[in-house]
Amino acid sequence: MLRLDLLHPQLSGNKWYKLRLNLQAAKEKGHDTVLSFGGAYSNHLHALAAAGRIRGLKTIGVVRGEPAEPINATLTFARQQGMELYHVTRADYRSKNSPAFIACLRERFGDFFLIPEGGANVAGVQGCADIAELLNWSTPVAASSCPSERVVALACGTGTTLAGLLLGRREDYRILGVAALKGDFLENDVRTALHNCGVADPGNWRITQEWHGGGYARFSPELLGFIRGFQQRTGIPLEPVYTGKLMQGLYRMLERGEFPRGTEIIAIHTGGLQASPAFVENIPT
Ligand SMILES: *Cc1c(COP(=O)(O)O)cnc(C)c1O
């Protein structure tokens, strides 16, 4: 497992990779404020708040839905990092990419550098290409069992991280995305992301829709039980939105014998543990 969750105490997982080049671009273009979007448990807003403080940029988080009392740990942290939170109705949130809505935001907050929800833009993809350099295969291709196969598996929300891995891939391995939401559109989004980066689809990847468990942030007692058992056996914490579904899916695929003997699999732990306590409080014992 590639433990991106251990990257930094406040900036864990893939979100930093999606933000790095965006924040660089904001600074290069002379902005002192960055604005982005997310839900009340957003790993993206959490990371943006921390990264903005570290990089000396003011941050504004446009949050889906009315504020709840008491304010949750994710938003408390974001505010402590200096992020200004702006709650909008779910209806307004759905129009967040419309020019009219963005014009309203500019009227309200003045000039800002905009990062789309989840950091899903070209700079986000390009930043994630760096993740490919962290893959540490334990067996050289020639020496591993025959037929040797290498697989990198990761959870997908927007597919930005997977597209970045494809961009950064220099060796011969297959990439398996595990959708964390119902998203037939995901493979297309990855192709579009690659296209926007000016590269052709290199192939040898796919996204499975089999393990989202009913949709985004939907989780069953079985999934929560799996996460608990996994942590007990390995000491590695997972969360139920992304990495729990990834590992549960991978284990089931292994049980089914979907990977040939001798396959080396690296699962990417994309982090996201910051919101976990709120989700897993009720894990059955
Ligand atoms: C955002 C996130 C993902 C999904 O990344 P995408 O680039 O949107 O596919 C996966 N895992 C965790 C923990 C995340 O926070």
Side-chain angles (χ1 to χ4, degrees), residues 1-8 10-22 36-51 64 74 77-78 115-132 152-168 175-183 185-194 196-197 205-209 211-213 215-217 219 223 227 236-250 267-280:
M1 183 174 257
L2 172 59
R3 298 285 306 276
L4 297 184
D5 59 313
L6 300 176
L7 202 60
H8 182 281
Q10 296 175 330
L11 254 180
S12 100
N14 57 343
K15 295 300 184 282
W16 163 245
Y17 288 90
K18 300 206 242 185
L19 286 172
R20 188 175 66 85
L21 296 179
N22 272 300
S36 195
F37 308 90
Y41 296 94
S42 170
N43 295 327
H44 168 65
L45 288 184
H46 188 275
L48 175 62
R64 179 181 61 228
T74 302
F77 172 85
I115 302 178
E117 182 183 49
N121 60 6
V122 167
V125 174
Q126 288 170 339
C128 287
D130 291 352
I131 298 172
V152 169
L154 75 162
C156 293
T158 62
T160 308
T161 308
L162 194 155
L165 269 174
L166 287 168
L167 207 63
I175 301 179
L176 172 67
V178 172
L181 43 87
K182 284 188 193 162
F185 49 83
L186 267 175
E187 292 196 341
N188 257 332
D189 286 358
V190 169
R191 285 188 202 100
T192 304
L194 288 169
N196 291 341
C197 292
W205 64 278
R206 75 179 180 101
I207 296 177
T208 169
Q209 296 287 330
W211 311 113
H212 58 61
Y216 184 72
F219 33 86
L223 175 63
I227 289 171
I236 299 173
L238 303 172
E239 45 67 51
V241 181
Y242 295 104
T243 53
K245 288 178 181 178
L246 166 70
M247 294 313 294
Q248 188 185 41
L250 268 185
I268 302 185
H269 195 314
T270 39
L273 298 168
Q274 60 86 18
S276 204
F279 293 135
V280 296

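As the structure lists them, so they are numbered: ligands from 1, and atoms in each ligand from 1.
Here the side chain of Glu187 pairs a donor or acceptor atom with the backbone of Ile207 at under 3.5 angstrom. No side-chain donor-acceptor contact under 3.5 Å links Gln209 to the backbone of Lys182.
Considering only heavy atoms from C-beta on, Trp205 stays 4.5 Å or farther from Leu165 through its side chain. Counting heavy atoms from C-beta outward, Thr158 and Lys18 have side chains that approach closer than 4.5 Å.
Shown here for Leu246 and Ala267, the closest heavy-atom pair between the two residues is CD2-CB, 4.3 Å.
Listed as neighbours of ligand 1 are Asn14, Lys15, Lys18, Asn43, Ala155, Cys156, Gly157, Thr158, Gly159, Thr160, Thr161, Tyr242, Thr270, Gly271, Gly272, each bearing a heavy atom under 4.0 Å from the ligand.
Partners of His269 by side chain to side chain contact (heavy atoms under 4.5 Å, CB included), not counting sequence neighbours, listed by chain and number: Met1, Arg3, Asp5, Ile236, Leu238, Thr243, Leu273.
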